[in-house]
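Here is the structure we will look at, set down as structure tokens.
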Amino acid sequence: MTRPTPRPERLRRLRRAELPVDTVELARYLIGKSVVRELEGARLTGRIVEAEAYPIGDPAAHHFRGPTPRNRSLFLEPGHAYVYLAYGTSYMLNVSSEEAGVGGGVLLRAIEPRDGIEPMMRHRRTRRVEDLTRGPGRLAEALAITPRLDGIDLCAAGPLWLATAAEPPRPIGPIGPSGGIARVGTSVRIGLTRAARRRLRFYERGNRFVSGPRLLRA
DNA sequence: TTGGCGATTGGCT
DNA sequence: GCCAATCGCCAAT
């Protein structure tokens, strides 16, 4: 038996002027927004359900010691991609978050897959939907994100951009700060040893695509 | 020039 | 739950 293919969600690109120019505010703002990956013959999309802030002066952040060839994208104006390789095995996708010349970034840790699930399954070599985009490395692999995308403008037409619902959902519940009806939780960031106590992680509560231990998903 | 150490993941105990 | 894989960065040699 086959299920009818769901109609792609109507999305519009986020304008740079809409983004809060503050790393922590941007991390919270991005929960419920969407990532769009344009590949030849396919559009892959997902709703952001988990993100972490790496703000100005954060000793755990890659921008902490100033700009280098690797991290220069974190010093671009808000809404640019910073892609890097973690542990020699997984790529990570970040959104630059402070004014040009100032280092700041938001790590996208998980999305809820929407359009293009079949291509995501091929990239990830699994049929398990729950394993496609749960965790920053998995998210990047599902969307075929590589350092070739480092530095690109996520507020412009191209291979990767940020979006929001073209028509806001009918307000049947309280409207959260993300603009949707998602309940947003906060916690410490995952996998850090430095500055490990700050609550700079934001996630949609109860969403099954959020990574981390159960306690950090409720 | 070298060694330690990650913003992780997947496989195995 | 534990641990190896794997590689680029950076601090110290």
Side-chain angles (χ1 to χ4, degrees), chain A residues 22-31 35 46 48-76 78-98 102-113 120-151 154 160 162 184-204 208-217:
Chain A
D22 175 275
T23 302
V24 180
E25 283 182 39
L26 179 65
R28 182 186 284 273
Y29 172 86
L30 287 176
I31 303 299
V35 179
I48 299 168
V49 295
E50 183 185 358
E52 285 177 351
Y54 289 84
I56 297 172
D58 174 14
H62 286 185
H63 57 71
F64 182 61
R65 293 167 200 286
T68 68
R70 170 174 73 147
N71 68 17
R72 62 202 159 116
S73 298
L74 289 171
F75 295 80
L76 299 173
H80 286 77
Y82 168 54
V83 179
Y84 79 97
L85 180 66
Y87 294 102
T89 56
S90 307
Y91 293 119
M92 308 277 129
L93 172 62
N94 296 249
V95 181
S96 66
S97 53
E98 299 287 342
V102 178
V106 173
L107 171 68
L108 302 187
R109 288 194 56 94
I111 64 175
E112 177 178 319
M120 291 187 203
M121 286 176 168
R122 286 198 299 274
H123 298 152
R124 291 276 301 125
R125 297 173 302 281
T126 178
R127 303 297 298 177
R128 284 203 71 205
V129 177
E130 299 78 15
D131 289 342
L132 290 181
T133 55
R134 176 186 163 127
R138 293 166 175 160
L139 180 165
E141 189 172 47
L143 298 183
I145 285 166
T146 74
R148 298 179 62 112
L149 298 172
D150 182 51
L154 300 173
L160 184 67
L162 294 170
V184 178
T186 65
S187 82
V188 296
R189 293 173 293 183
I190 291 179
L192 299 190
T193 52
R194 320 174 74 154
R197 302 181 59 144
R198 300 184 67 183
R199 303 177 68 84
L200 294 175
R201 173 176 172 267
F202 301 89
Y203 60 98
E204 183 174 305
R208 73 195 219 265
F209 294 98
V210 173
S211 73
R214 181 183 301 275
L215 195 64
L216 293 186
R217 288 187 274 129

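Chain identifiers are assigned alphabetically (A, B, ...) following the order of the sequence lines, protein sequences preceding nucleic acid strands; residue numbering begins at 1 within each chain. The shown structure was predicted, so the numbers you read here are calculated from the model rather than taken from an experiment.
To the nearest angstrom, P of B:dT8 lies 16 Å from CD1 of A:Ile145. Rounding to whole angstrom units, CG of residue A:Leu192 and C1' of B:dC5 are separated by 13 Å. Straight-line distance from the CZ atom of A:Arg198 to the C1' atom of B:dA7: 14 Å, rounded to whole Å. Atoms CD1 (A:Ile190) and P (B:dT9) sit 9 Å apart, rounded to a whole Å. For the pair A:Tyr84 OH and B:dT8 C1', the interatomic distance rounds to 9 Å; values are reported in whole Å. For A:Met92 and B:dT8, the CE to P distance is 6 Å, given to the nearest whole Å. Atom CG in A:Asp131 sits roughly 10 Å away from atom P in B:dG11 (whole-Å rounding). Between the CZ atom of A:Arg125 and the C1' atom of B:dG11 there is a distance of 14 Å, rounded to whole Å.
The structure places CG of A:Asp58 at 10.0 Å from CD of A:Glu52, a figure rounded to the nearest 0.5 Å. Separation of atoms OG (A:Ser73) and NE2 (A:His63) is listed at 12.5 Å; rounding is to 0.5 Å. In this structure, the separation between NE2 on A:His80 and CG on A:Asn94 is 14.0 Å, given to the nearest 0.5 Å.
The side chain of A:Arg194 places no N or O atom within less than 4.0 Å of a non-bridging phosphate oxygen (OP1 or OP2) of B:dC5. Within the structure, a side-chain polar atom (N or O) of A:Thr193 is placed less than 4.0 Å from OP1 or OP2 of B:dG6.
For A:His63 and A:Arg124, each mapped to the nucleotide of DNA chain B holding its nearest heavy atom, the one lying further toward the 5' end belongs to A:His63.
Checked by atom type and distance alone, the side chain of A:Asp131 never pairs as donor or acceptor with a backbone atom of A:Arg128 at under 3.5 Å.
Close approach of DNA chain C to chain A, defined as any atom under 4.0 Å from a non-hydrogen atom of the protein, starts and stops at C:dA5 to C:dA11.
Listed nucleotides B:dG10, B:dG6, B:dA7 differ in distance to A:His62; the shortest reach to its side chain belongs to B:dA7.
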Only pairs under 3.5 Å count here: list side-chain donor-acceptor contacts from residues 190-199 of chain A, not counting sequence neighbours, and write none if there are none.
from, atom 1, to, atom 2, distance (Å)
A:Arg199, NH2, A:Thr186, O, 2.9

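With A:Tyr84 as the aromatic partner, A:Arg70 meets the cation-pi criteria of under 6.0 angstrom to the ring centre and within 45 degrees of the ring axis. A cation-pi arrangement is not found for A:Arg138 relative to A:Phe209, the charged atom failing to lie both closer than 6.0 Å to the ring centre and inside a 45° cone about the ring normal.
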Bracket notation of DNA chain B in which parentheses pair within the strand, [ ] cross earlier pairs, and | pairs with another strand (Watson-Crick or G-U, under 3.5 Å): ||||||.|||||.
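The 12-atom threshold is not exceeded at CZ of A:Arg72, counting heavy atoms of other residues, nucleotides or ligands nearer than 6.0 Å.
Side-chain atoms of A:Thr89 come within donor-acceptor range of the base of B:dT8, with a qualifying N/O pair under 3.5 Å.
A salt bridge links A:Arg125 to A:Glu141: one of the charged nitrogens lies within less than 4.0 Å of a carboxylate oxygen.
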